[in-house]
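Please read these numbers as outputs of a predicted model, since none were measured by experiment. Numbered from 1 within each chain, the chains take letters A, B, ... in sequence-line order.
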There are 2 protein chains.
Amino acid sequence: MISDTQQISAILRQFHFLQEADEDFREIFFKHATLSRIDAPQPICDQGTQCSHLALVLEGTARVYKLGENGREITLYRIGPGESCILTASCIISGKPFPAFAICETPIEALVIHTAEVKRWTNQFTVWRNYMFTLISDRLGDVISVVEEIAFRRVDRRLASYLLQRGTSTGDDDIKITHQAIASDLGTSREVVSRILKDFEHQGLISVARGFVRLNDAQGLAEKTHEN
Amino acid sequence: MISDTQQISAILRQFHFLQEADEDFREIFFKHATLSRIDAPQPICDQGTQCSHLALVLEGTARVYKLGENGREITLYRIGPGESCILTASCIISGKPFPAFAICETPIEALVIHTAEVKRWTNQFTVWRNYMFTLISDRLGDVISVVEEIAFRRVDRRLASYLLQRGTSTGDDDIKITHQAIASDLGTSREVVSRILKDFEHQGLISVARGFVRLNDAQGLAEKTHEN
DNA sequence: GGAATCTCTGTGACAATGTCACATACACCC
DNA sequence: GGGTGTATGTGACATTGTCACAGAGATTCC
């Protein structure tokens, strides 16, 4: 139950579908939503488990990933403010177990809604239903993009894209991350990442140090993303 | 508009959700559904196009795949009898362009429903809505499996699994397929497939000839799927 | 029948990527 | 300062992808 006016208006700003909702639905929504905090780093969903709640993220990010037999990982997508773990939703609706792992990357503040409500609203409210459909469609698109990336693009180009994206998203040219973490995002191994980073460094595009990467020549890096 | 009683009962047998539907929805469904035939091989949806119809497949199969810059392909999933192109549905709902290619593999007989109806039913009928959600969830699961496969499993093991599956699905030990087609399904290149098939042949597991593969030792092939 | 022309498969060389074992370097704690 | 983690570097080798081109069936056309 959420009643703080300030909180409610903050939530409305994040979740666009609530703005379009009528009073009826909003009332029910805030009545059943619970504000919850999760500390990072911490697993949220484990592969093969059933989901009992849906989380709408207000603050912080979570990472949804697959784990390979050999211990390698690959990130399927991230969930940030204004988004929601649709895989959870998908599991709720289809009743299937969660097919991946989800982990809290930064402390998360989220609205938590019980499975039963999610189901009820899906049948009852068009606004909510559309929100759910859009989420699932978007994630399907995300995952298809991941397939495309790993199936067809060379690792060095993907790494270049990755660094640029990480750089601009933080607004900074210093990226605080380990080689292992990059490898886990891209679905490759640490050694490969180290090798390519060293290459980029020799070419003067970046500087690497323990735990971070600095972009020196974003322009040059951008060229690496498409052709050799 | 579909009115032939025989046809209707055949359709009911294929699409489980229609059996659970009330008379109301069924009537509307058959009123707006059109029976359509597509000859193979023929592209159905092209990447980047908008979808104007949703197809529920009665007979035949279609393949949904991604195309890489270098001309390589990878199959995301197939659509068979009783299924439907959910990517289309997803696009219809989110209004986004189709993010892949779809092609007719065998002659297809399908029920075609216009976008407007799909949207209307989704808001109006619980049965239909659930059908749509289940489809999207299932496909999301399929695509996630593809990610797992290409990210973590070795090609030889995937190929062994592929052959076994192809074999049992036809009920025959002779699989009529070219190396290129296998490569396109697995998202690798023809040369790699040829190499591994030759390996398998030397080990007495299969026989290969122009345009087909014969399984000689399914047991041995099954062992190849998990460990060296 | 035989030549021309497809499509399909085979092959070797090499580049890119993944794996393994182990060395080295840095950070932090006591 | 030494010990203990964690992060990175490196070389050897296996797997996979790419390229260029060679043959081997199949088909068509004369």
Side-chain angles (χ1 to χ4, degrees), chain A residues 41 66-74 147-160 162-163 174-203 206-214 224-228, chain B residues 41 66-74 147-163 174-202 206-214 224-228:
Chain A
K66 267 285 183 187
L67 195 58
E69 327 131 27
N70 38 14
R72 245 163 70 208
E73 298 180 6
I74 184 167
V147 170
E148 192 173 16
E149 287 275 300
I150 53 179
F152 304 130
R153 278 187 84 199
R154 291 176 34 167
V155 179
D156 52 355
R157 295 177 194 177
R158 293 172 55 209
L159 181 50
Y162 179 87
L163 292 175
D174 274 12
I175 305 167
K176 190 174 170 325
I177 196 167
T178 67
H179 299 184
Q180 179 59 65
I182 297 175
S184 292
D185 272 341
L186 297 181
T188 180
S189 64
R190 188 207 31 101
E191 294 91 324
V192 173
V193 171
S194 294
R195 263 202 300 248
I196 299 175
L197 285 179
K198 186 135 287 264
D199 261 19
F200 285 171
E201 188 174 39
H202 283 152
Q203 296 172 48
I206 61 174
S207 312
V208 300
R210 188 187 172 90
F212 84 97
V213 178
R214 167 170 303 157
K224 291 284 167 192
T225 62
H226 33 279
E227 55 186 337
N228 209 18
Chain B
K66 267 285 183 187
L67 196 58
E69 324 132 29
N70 38 15
R72 246 162 71 207
E73 298 178 7
I74 184 166
V147 170
E148 191 173 18
E149 287 275 299
I150 54 179
F152 305 130
R153 279 186 82 200
R154 291 177 34 166
V155 179
D156 52 355
R157 296 177 193 176
R158 293 172 55 209
L159 181 51
S161 298
Y162 179 88
L163 292 175
D174 275 11
I175 305 167
K176 191 175 168 323
I177 196 167
T178 66
H179 299 184
Q180 179 59 65
I182 297 175
S184 293
D185 272 341
L186 298 180
T188 181
S189 64
R190 189 208 30 100
E191 294 92 324
V192 173
V193 171
S194 293
R195 259 200 306 245
I196 299 174
L197 285 180
K198 186 135 288 261
D199 261 19
F200 286 170
E201 188 174 38
H202 284 152
I206 60 174
S207 313
V208 300
R210 187 188 171 90
F212 84 97
V213 177
R214 167 170 302 156
K224 290 284 167 191
T225 61
H226 33 278
E227 56 187 335
N228 204 23

Tell me the interatomic distance from [X], atom [atom1], to [N], atom [atom2], rounded to whole angstroms.
| X | N | atom1 | atom2 | result |
| --- | --- | --- | --- | --- |
| A:Arg153 | D:dT18 | CZ | P | 14 Å |
| B:Asp199 | C:dT9 | CG | P | 16 Å |
| A:Asp156 | D:dT18 | CG | P | 13 Å |
| B:Arg157 | D:dA14 | CZ | C1' | 12 Å |
| A:Arg158 | C:dT17 | CZ | C1' | 11 Å |
| A:Ile182 | D:dG9 | CD1 | C1' | 15 Å |
| B:Glu201 | C:dT9 | CD | P | 12 Å |
| A:Glu69 | C:dG18 | CD | P | 15 Å |

To check you understand the geometry: which heavy-atom pair defines the closest contact between B:Gly71 and B:Leu67, and what is its length? O-CD1, 4.0 Å
For A:Val155 and for A:Glu191, locate the closest nucleotide of DNA chain C by heavy-atom distance; then report the residue assigned to the nucleotide nearer the 5' terminus. A:Val155
Can you figure out which of [options] approaches the side chain of [X] most closely?
| X | options | answer |
| --- | --- | --- |
| B:Thr188 | D:dG17, D:dG9, C:dT17 | D:dG17 |
| B:Arg154 | D:dT8, C:dG18, D:dT15 | D:dT15 |
| B:His179 | C:dG10, D:dT8, D:dT16 | C:dG10 |

Quick one: is [N] close enough that its OP1 or OP2 comes under 4.0 Å of any side-chain N or O from [X]?
| X | N | result |
| --- | --- | --- |
| A:Lys198 | D:dG9 | yes |
| A:Arg210 | D:dT8 | no |
| B:Asn70 | D:dG17 | no |

Determine the contact category for A:Ser194: base if any of its heavy atoms lies under 4.0 Å from a base atom, sugar-phosphate if only primed atoms, P, OP1 or OP2 are that close, otherwise nothing. sugar-phosphate
When we call it a touch if two heavy atoms are under 4.0 Å apart, what does A:Arg72 touch: a base, just sugar-phosphate, or nothing? sugar-phosphate
Paired with A:Thr188, the side-chain contact (heavy atoms from CB on, under 4.5 Å) test is passed by just one of A:Ile74, A:Ile182, A:Val193, namely A:Val193
Closest nucleotide of DNA chain D for A:Val208 versus for A:Ala151: which of these residues is on the 5' side? A:Val208
Of A:Gly211 and A:Arg195, the one whose closest DNA chain D nucleotide lies more 5': A:Gly211
Determine yes or no for a side-chain-to-main-chain donor-acceptor pair under 3.5 angstrom, with [X] supplying the side chain and [Y] the backbone.
| X | Y | result |
| --- | --- | --- |
| A:Arg157 | A:His226 | yes |
| A:Arg214 | A:Ala209 | no |
| B:Arg153 | B:Glu148 | no |

